[in-house]
Amino acid sequence: MSTETAKMTNQEQEMVHLTINNIPLAVPKGTKIMQAAQELGIDIPHLCYHEDQRIKARCRLCSVEVVGKRRLLAACSTEVWEGMEVHTDTQIVRDTQVAILQLMLANHHKDCLSCPRNQNCDLQRLCSRFNIQHSSLPSVCKEEPRIVTNPAIVRDPSKCIRCGRCIRACKDVQGIAALTYAGRSSDIIVTTAYNKPMETTDCILCGQCSLVCPTGALVEKDDTEKVLDALQDPKKHVIVQVAPSVRVSLGDAFGMEPGAIVTGQMVTALHLLGFDKVFDTNFGADLTIMEEGTEFLDRLQHGGVLPMMTSCCPGWVSYVEKHYSDCLPHLSSTKSPMSIFGAVAKTYYPKAAGIDPKDIVTVSVMPCTAKKFEAARPEMGREGRQDVDIVLTTRELIKLIKYVGLSFGQLPETDFDSPLGTASGAGAIFGTTGGVMEAALRTVCDKLTGKTLERLDFQEARGFQGIKECTLEIGGHTLHIAIAHTLKNAEILMEQVRKGISPYDFIEVMACPGGCIGGPLQSGGGQPVGTTNAVKKKRMQALYEIDRNLPVRKSHENPVLQVLYRDFLGEPGQGKAHELLHTSYNAVPKEYRF
């Protein structure tokens, strides 16, 4: 062990003794006051602090009194020391916290009843905690219009409290830095470069900013009214598909344990909402694997462009179009599971069900705000109609369930409808980083060897490392694989691709941390607000549990999918399958176009 390592180990083991509100405790050296207080079950109020972000200490709402110090200290940024005496509930502390909240309210548009974050707003929650029913200060809030220029993210400057969470998420996690501070002193604002619409900047509409925003300054575009209107139209046949990660995050909003698998209750709830058919996006994921796996094998065996990169994440695709357009030939032409499902739902399904395609409304429930953008792309439709008509985030589905008044936890379990509700375990794990690659490998290995391999779990693809890589010997081929999540990590791989020095054959990228399983600074910009990285891990394990418990775990062994190819699509990657299930992407010049 090196001297430096030994020194770090000793420091980790060194304990510091202190008191908080006269309660003694010992914590490791380097612990912040806020973390120490949590050990005692004390929640020090805060807004700019987030446990998965680096410390900002901007809002000062977490101010505490420390014996021997002439001024209050920020609990989020101050490390404990031996013999420290902390008080979190003295009169001066409370007066300071109330004053800070009053100042925020004076510069905040107080239309709580119409705000998308009503009853799920950190500022609202803290005002209730401190019994602040209205601001005692005159309002200085400017009446600024909501900025609705794209199908995914809505900005409301009048709700911004300048905490900087969104800036940190965009810059530190994604490496995009589309949001920044502008102005000085009381005129400081959070905005984009030159206050341009988000979609005309480097933004890829991933929604990470909306996940960490403590108020309603950044939210997904609400399409719930569109869905309700469609459900009330007797002429419309409304179907819905649900992404894999939604079923392991939806329960959080209804008091269930993090990572609870609520597939059956979710299907029942969707039927009770009025959907004519409830289908599974995992079926689309199985189709994606058939097409993407076939495409990869063709490139591998016939000198195609390598490394091939997955294309099921819309934020990642936008990133390549905007930042690495010279590398577009490396992207798989296979559509995402959502868009593949939409194409089948508007072609094969109407014929099978005897319904006019014009009467079908396809709704998708996704963990991702960027899916709203994807559904609106002209490439994702035909004959003047989009394959997916409406995209709801998980948060919007929660809103609908609560609106109808369903007791979600008490609902009976029902199965997805046929014929597009039967999926393999490979489709289920699409919701987590590495899942697409692992699902693809299960099929690629069988196709390369001509045998049914017993190996189903590729542990090399699992886990939360920013970049995972492995080498596999399969059917006489040596495959070099890489998996990245967050665009900051993807940039490392893309620079290798751009320079022509990438050692890989196949690369998977998910724009959001952890994939689609959701929470702030985690995956899935449309997932429930208020989750942490610890919850994300439980959701990941839940998806692997779903996979383990399904009778079919390889996409190409899905019996319903086999019938679809036999009776409708033909051979994977050819003819009708290629026409419906593949697309192309375009470079976006510096003067970005929407």
Side-chain angles (χ1 to χ4, degrees), residues 50-52 120 169 173 206-208 210-212 220 241-267 269 280-282 285 312-313 315 337-338 364-371 392-398 401 408-409 413 423 425-439 457 459 461-466 468 483 485-486 508 510-550 553:
H50 190 284
E51 64 181 82
D52 296 330
N120 193 19
V173 177
C206 68
Q208 291 298 303
S210 69
L211 270 173
V212 297
E220 72 276 17
Q241 59 165 315
V242 189
S245 57
V246 176
R247 68 205 66 186
V248 295
S249 58
L250 186 62
D252 292 21
F254 300 98
M256 298 182 179
E257 287 294 318
I261 301 170
V262 296
T263 311
Q265 293 98 324
M266 176 187 72
V267 173
D280 196 349
T281 304
N282 293 3
C312 58
C313 171
M338 179 189 82
S364 300
V365 181
M366 295 286 130
C368 175
T369 55
K371 285 293 182 183
L392 299 180
T393 63
T394 310
R395 294 195 292 264
E396 288 170 281
L397 176 57
I398 292 168
I401 292 172
F408 187 81
E413 297 187 17
I429 59 177
F430 257 63
T432 184
T433 175
V436 178
M437 182 64 71
E438 183 170 354
D457 297 335
Q459 297 295 336
R462 301 182 180 185
F464 286 95
Q465 302 96 310
K468 294 165 281 189
I483 299 161
H485 58 126
T486 78
E508 177 205 308
M510 290 284 191
C512 294
C516 305
I517 41 183
L521 287 209
Q522 313 110 23
S523 29
Q527 292 281 51
V529 172
T531 332
T532 63
N533 282 331
V535 171
K536 178 177 61 174
K537 292 179 180 179
K538 293 182 179 180
R539 292 177 182 166
M540 175 183 280
Q541 294 307 313
L543 289 179
Y544 288 126
E545 181 182 342
I546 292 173
D547 170 39
R548 285 193 305 272
N549 291 332
L550 285 174
R553 298 183 62 194

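When reading the values below, keep in mind they use all heavy atoms of this one structure, side chains included, and skip hydrogens, waters and symmetry mates. Owing to the predicted nature of the structure, the values given are computational and were not obtained by experimental measurement.
Residues passing the side chain to side chain contact (heavy atoms under 4.5 Å, CB included) test with A426, sequence neighbours excluded: D286, S424, A439, R442, S555. Considering only residues two or more places apart in sequence or on other chains, Q459 meets the side chain to side chain contact (heavy atoms under 4.5 Å, CB included) condition with D457, R462.
In this structure, M266 and V365 have side chains that are not in contact, with every pair of non-hydrogen atoms separated by 4.5 Å or more. Residues F408 and L250 are in side-chain contact: their nearest non-hydrogen atoms beyond the backbone lie under 4.5 Å apart. The side-chain heavy atoms of D252 and K538, taken from C-beta on, include no pair separated by under 4.5 Å. E545 places a side-chain heavy atom less than 4.5 Å from the side chain of N549. With a 4.5 Å cut-off on side-chain heavy atoms, R553 and R548 count as touching. Looking at heavy atoms from C-beta onward, M338 lies out of side-chain contact with C368 at the 4.5 angstrom threshold. For the pair F464 and M540, the minimum side-chain heavy-atom distance is below 4.5 Å. Using a 4.5 Å heavy-atom cutoff, the side chains of L543 and F430 are not in contact.
One finds the CD atom of E220 at 9.0 Å from the CG atom of L211 (value rounded to the nearest 0.5 Å). Taking OG1 of T263 as the reference point, atom CZ of R247 lies at 5.0 Å (rounded to 0.5 Å). Between the CD1 atom in I429 and the CD1 atom in I546 there is a gap of 11.0 Å [rounded to 0.5 Å].
Of all the heavy atoms in A269 and I401, the pair that sits closest is CB-CD1, 4.2 Å. Heavy atoms only, all atoms of each residue included: G315 and A370 are closest at N-CB, 4.0 Å. Of all non-hydrogen atoms in A169 and Q208, the two that sit nearest each other are CB-O, 4.2 Å. Of all the heavy atoms in A511 and C313, the pair that sits closest is N-SG, 3.3 Å. Across every non-hydrogen atom of L550 and A423, the tightest pair is CD1-O, 4.1 Å. Considering every non-hydrogen atom in both C312 and M510, the closest pair reads SG-CE, 4.3 Å.
Checked by atom type and distance alone, the side chain of E396 pairs as donor or acceptor with a backbone atom of T393 at under 3.5 Å. Put simply, the side chain of H485 never gets that close to the backbone of E508: no donor and acceptor are under 3.5 Å apart.
With P367 as the fixed residue, the side chain to side chain contact (heavy atoms under 4.5 Å, CB included) test singles out one of P244, S245, S249: S245.
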Is there a side-chain contact (heavy atoms from CB on, under 4.5 Å) between M366 and Q241? Walk through the geometry before answering. CA-CA 9 Å; M366 295 286 130; Q241 59 165 315; 4.0 Å; yes

